[in-house]
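Read through the structure below, which is laid out as structure tokens, and then see the notes.
We count ligands from 1, going down the list as the structure has it; atoms in each ligand are counted the same way. As the structure is a computational prediction, the values presented were derived from the model and not from experiment.
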Amino acid sequence: MELSITPSEQLKAKPDDAKLGFGTLFTDHMFNMDYSIDGGWHAPRIEPYGSIEMDPATMFLHYGQGVFEGLKAYRADSGQIQLFRPQENFKRLNRSCRRLCIPEVDEDFALESLKQLIALEKDWVPGASETSLYIRPTIIAMDPFLGVRAAHTYRYFIILSPVGAYYPEGFNPVKILVTSDYVRAVRGGVGEAKTPGNYAASLLAGEKAHAAGYTQVLWLDGVEQKYLEEVGAMNIFFVIDDEIITPELNGSILPGITRKSVIALAKHWNEKVTERKISIDEIMDAHAAGRLKEVFGAGTAAVISPVGEIKYGDRVISINDNQTGPVAQKYYTAITNIQYGRAEDPLGWIVPVE
Ligand SMILES: *Cc1c(COP(=O)(O)O)cnc(C)c1O
């Protein structure tokens, strides 16, 4: 497929790297590609960033048939712009597509066109410490039709957004609330797909958690409400004695690439890491016995997010005196050092853009 490039005639002013937030600014260009039954995926193009015109009957708007990804480009100290395991994101995009009845994209072509988009936008990759260019590939159903079925036409697009350091003042352990009132996903549902509806389904519990002074919800399984699943935009890890434990993938947990990277590094370092079912009662008991050393989340946005407090029913536990523990710190440093080219890349995770 021939990728066409239409440069923007008016470039935006670049923001101050030191003042970047998350997800409010977008670069000058975007990638677009369309799907039809006769033409398959066609007309891949990089063009000026702009609105997508939609009929009010567009299927995505009514039935949520869509998928997305989230990854980042990093500016290494050498000046090189690099991606972290992007092939994993396109593999997961296609897994999400299969679950949502969306035609898959060619993973090699998707990576190649992403690299071209970032190469064109390279001046937008910020250089200040721990900043990055957030990348959002998305596919949505485009037929103007109100009947319920899989769409026949789709739009795949990628937008880019320069983002600031997640921890400008250093690690800040978060407080999370275990909810028994709501579930995020159930067995056989779409929990393991990166699809917008999962986020819509989690908002109410999230708002109630915020109102109670908690940053995030820690979700229990949707069947027995007994086993820990994830935090909604992050996977979750527990350190009990000297073992690192994370819930095993069960169909309702999103298979995070940061999660996979923590597990791979732990194995590479010969540390004890286990994927298994783990119940909230086991965590509470381990805490009571003084064996719960650390809890942390893992996801692209924050990489590692230490958890300082968990509330479950009437019980509130404080973890590692509400301080970042050595395990969370070690994985955060190791992964970010690879991402920013400050350390060796022992497992071959880095893909340079040019
Ligand atoms: C994206 C996401 C994660 C984290 O995945 P990463 O690939 O590590 O960024 C975890 N949970 C949910 C629900 C997600 O959407």
What atoms in ligand 1 come closer than 4.0 Å to a heavy atom of Y199? 12 (C), 13 (C), 14 (C), 15 (O)

Tell me if the aromatic rings of Y199 and F68 count as close, with their centers under 6.0 Å from one another. yes

Please confirm whether N235 comes within less than 3.5 Å of ligand 1 when only nitrogen or oxygen atoms on both sides are compared. no

Considering only the protein, which heavy-atom contact is closest to atom 8 (O) of ligand 1, and what is its distance? T258 OG1, 2.7 Å

Would you please determine whether E88 falls within less than 4.0 Å of ligand 1 on a heavy-atom basis? no

Looking only at protein heavy atoms, which one is nearest to atom 11 (N) of ligand 1, and what is the separation? E230 OE1, 2.5 Å

Under 4.0 Å between a side-chain nitrogen and a carboxylate oxygen: does that hold for K330 and E271? yes

Among protein heavy atoms, which sits nearest to atom 4 (C) of ligand 1, and what does the distance come to when rounded to 0.1 Å? A233 O, 3.6 Å

Do me a favour and list the nearest non-hydrogen protein atom to atom 2 (C) of ligand 1 with residue, atom name and distance? K194 NZ, 2.6 Å

Intermediate values then yes/no, ring pair (Phe, Tyr, Trp, His ring centres under 6.0 Å), F171 and Y332: CA-CA 10 Å; F171 270 134; Y332 177 79; 4.8 Å; yes

Quick one: look up the protein heavy atom nearest atom 5 (O) of ligand 1 and list residue, atom name and how far away it is. G256 CA, 3.3 Å

for atom 9 (O) of ligand 1, nearest protein heavy atom and its distance come out as T300 OG1, 2.6 Å

Does ligand 1 have an atom that lies less than 4.0 angstrom from a heavy atom of E69? no

Run the ring-centre check on Y166 versus F22 and record whether the distance is less than 6.0 Å. no

Which residue holds the protein heavy atom closest to atom 13 (C) of ligand 1, what is that atom called, and what is the gap in Å? G232 O, 2.8 Å

Sub-6.0 Å ring centroid separation between F238 and F296: no

